[in-house]
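Here is the naming used below: chain letters follow the sequence lines, and residue numbers restart at 1 for every chain.
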Amino acid sequence: MAALAPSPAAAAAGTKSAASAAMPLVRIADVEKVYGGRQGPVRAVASASLDVARGEFVSLLGPSGCGKSTLLMMIAGLERPTRGAISLDGSPVVTPRRDIGIIFQDATLLPWKTVEENVLFPVRILKLPVERYRERARELLAMVGLDGFLRHKPAQLSGGMRQRVAICRALIHDPAILLMDEPFSALDAITRDQMNVTLSEIMERTGKTVIFVTHSIREAAFLSDRVVVMGGRPSRIILDEPMPFGRPRRLDIEETPAFGQMVRRLRLTIEEGHGGAMSGRTGGGE
Amino acid sequence: MANAIGTETGAMVATPAAEPGAGLSNARAILLPIGLALLALGLWQAACVIGHIPPVILPSPLSTFRYIGERWDILLTHAIPTTVESALGFVLASVLGIALAVVITYSRLAREALYPNLVFFQLIPKIALAPLFIIWLGIGTQSRVAFSVFIAFFPVVIATSAGFASVDRGMLRLCRSLTATERQIFLHVRFPAALPYIFSGMKVAVTLAIIGVIIGEFITAQAGLGYLIIFATARADTEVSMAAIVVLCLCGLLLYGLVALGEAVANRIYAAEAS
Ligand SMILES: Nc1ncnc2c1ncn2[C@@H]1O[C@H](COP(=O)(O)OP(=O)(O)OP(=O)(O)O)[C@@H](O)[C@H]1O
Ligand SMILES: [Mg+2]
């Protein structure tokens, strides 16, 4: 497999400073988020501290309502923490910024645009030179096996293919980090397994840093270098566990006893933290 | 990887291709309604001839077409002001409707203050207000165009603001995460997403714009197809009225066709690389 051409921007900027390599790419320091809701404030995240190193694949795992998306949106600058601070690449995150790529549960492609143009969407928004990124768009699409579909419209693609287009779109401007919020949970089990393999190949090739939100314990264990379990009431990080499986990873590691043990351990942790309550309300009994 | 992706790719390739027999069913979709219309005209003609219906009551299709063929010059002189005023009313109604929808979409104050009033306005049988427009604006073109705008803009406002609101929330979040400005979101996402809505509103508006002008002509005009219809009917010249109505239908079709053409062009522009 040929190495992916660097984005024009990266080529122009030259290599990033070596000094920053030792520092974590993402630093989340004692972050809390309270939403002001109609039925009183909702404490979505009570306290979270987390460092993510460059090139690391970290999953946020936990039951519904435990604040995974909230934490991810704060890293993306789409929500402001109520307390604490988040920094990305050494600078604080206060608003959305150009150096992140996001993927949601739905591909959210523009239905009137071709696959290729959808991938180029961030380039247009960021006012980068479109023609110089076209080749990169095609390479990314080839990497996920969609080279024959450049001129197709999203409606002509399956759910898995649409999600692959969304991955290419998130990578097109070569962001420092990829934030993924349950990107595959709308897909059927077989497609989901395929997408997990595809994603792990992409990560092996691009070396991107990823924070990946999921409900699926197996998916988290298969993809991640580290799995962070959120839970409890009010919600916090209750486990931060490295995944001791080598790379490249393919689906057959899921049959190994070590993998089975890890899945079991994660499941027990989730169940322990999941004392019946889904969300913490400030002032509510604990 | 090649394996996993290959299977899905292979399965997908067949889908976009057109089904066999699609051409046949297309022909059917065109021929059936035309056939039915011709049948109705034939029955009408037969009824006039066999039933000896006097032309004052109901002119036959053939005599109407004959009249159009003979006096097309008169019909044309009346068709032009009607069509021009309708087109003007329609364009102004569309511009006003889209502009109001933009205001309603972006200003919460405007939305809360304006929208209920617009809906209330819609409940008024607006045709009843036509004579007032003549008091306010006189008997010239401006009062007919203003009345035409007045009854045609509403569906554009409603459809367009529904279109602007139809944008997927995830898409908006994606735009914000990319540091997109409101202007960029509007140009790249909201407006193109609303296009099908806007054009469906405009297709309703175009017929309403014509109705507005015709009503204006009924009341005031010295020219135009509406005037011709009223004038001829008053003199029991039903054949002329019928011919004017047929020409009016053709004018309506023309304007509707232009809107449909505009839609095709807009879709092509937005599907293309640019923007
Ligand atoms: N914009 C908001 N306003 C008010 N409350 C919110 C908002 N977004 C999330 N919440 C609340 O915060 C809590 C955490 O929500 P969040 O979406 O982060 O959970 P999650 O772990 O992503 O859940 P899921 O797995 O179902 O996606 C929930 O109780 C939710 O109701
Ligand atoms: Mg979520």
Side-chain angles (χ1 to χ4, degrees), chain A residues 1 73 76-78 95-98 100-114 116-117 120-122 124-127 130 134 143-149 152-153 155-158 160-161 164 166 169-170 173 175 179 181 190-191 193-195 197-198 200-202 250-251, chain B residues 1-19 163-164 166-200 262-275:
Chain A
M1 289 176 178
M73 291 308 108
L78 290 167
T95 52
R97 38 195 281 174
R98 308 164 65 103
I100 59 156
I102 289 200
I103 295 161
F104 300 112
Q105 183 172 344
D106 301 310
T108 61
L109 303 176
L110 297 172
W112 57 89
K113 289 277 187 201
T114 61
E116 185 184 10
E117 283 303 315
L120 286 168
F121 181 69
R124 293 190 192 278
I125 294 293
L126 298 171
K127 298 212 173 75
V130 173
R134 202 171 285 280
M143 181 174 75
V144 299
L146 289 178
D147 23 359
F149 294 84
H152 283 62
K153 294 284 171 64
Q156 296 170 300
L157 306 181
S158 71
M161 294 161 98
R164 277 185 242 158
R169 179 180 59 189
H173 57 300
L179 305 177
D181 194 350
I190 294 170
T191 310
D193 278 348
Q194 289 175 358
M195 293 299 297
V197 173
T198 305
S200 104
E201 282 169 348
I202 293 171
R250 294 301 172 261
L251 286 173
Chain B
M1 173 181 193
N3 241 340
I5 285 160
T7 6
E8 200 187 349
T9 312
M12 282 306 298
V13 170
T15 24
E19 294 166 38
F164 288 155
S166 76
V167 175
D168 186 70
R169 291 173 63 87
M171 193 66 220
L172 294 178
R173 212 157 41 148
L174 180 84
C175 290
R176 281 198 293 130
S177 83
L178 285 167
T179 68
T181 60
E182 271 309 323
R183 194 185 123 86
Q184 281 181 316
I185 295 175
F186 183 79
L187 293 177
H188 289 270
V189 180
R190 268 198 209 279
F191 190 72
L195 273 180
Y197 294 80
I198 295 176
F199 277 102
S200 76
E263 179 170 28
V265 170
N267 284 343
R268 190 165 279 244
I269 289 172
Y270 273 97
E273 325 288 88
S275 96

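Few gaps surround CG on L251(A); more than 12 heavy atoms of other groups in view lie less than 6.0 Å from it.
When the salt bridge (Lys or Arg N to Asp or Glu O under 4.0 Å) test is applied to R97(A), the partners found at least two apart in sequence or on another chain are D99(A).
Listed here is the closest heavy atom pair of W112(A) and V189(B): CH2-O, 3.5 Å. Residues Q184(B) and R124(A) come closest through the heavy atom pair NE2-O, 4.0 Å.
Within residues 170-180 of chain B, the residues having any heavy atom closer than 4.5 Å to a heavy atom of chain A are G170(B), M171(B), R173(B), L174(B), C175(B), R176(B), S177(B), L178(B), T179(B), A180(B), listed by residue number.
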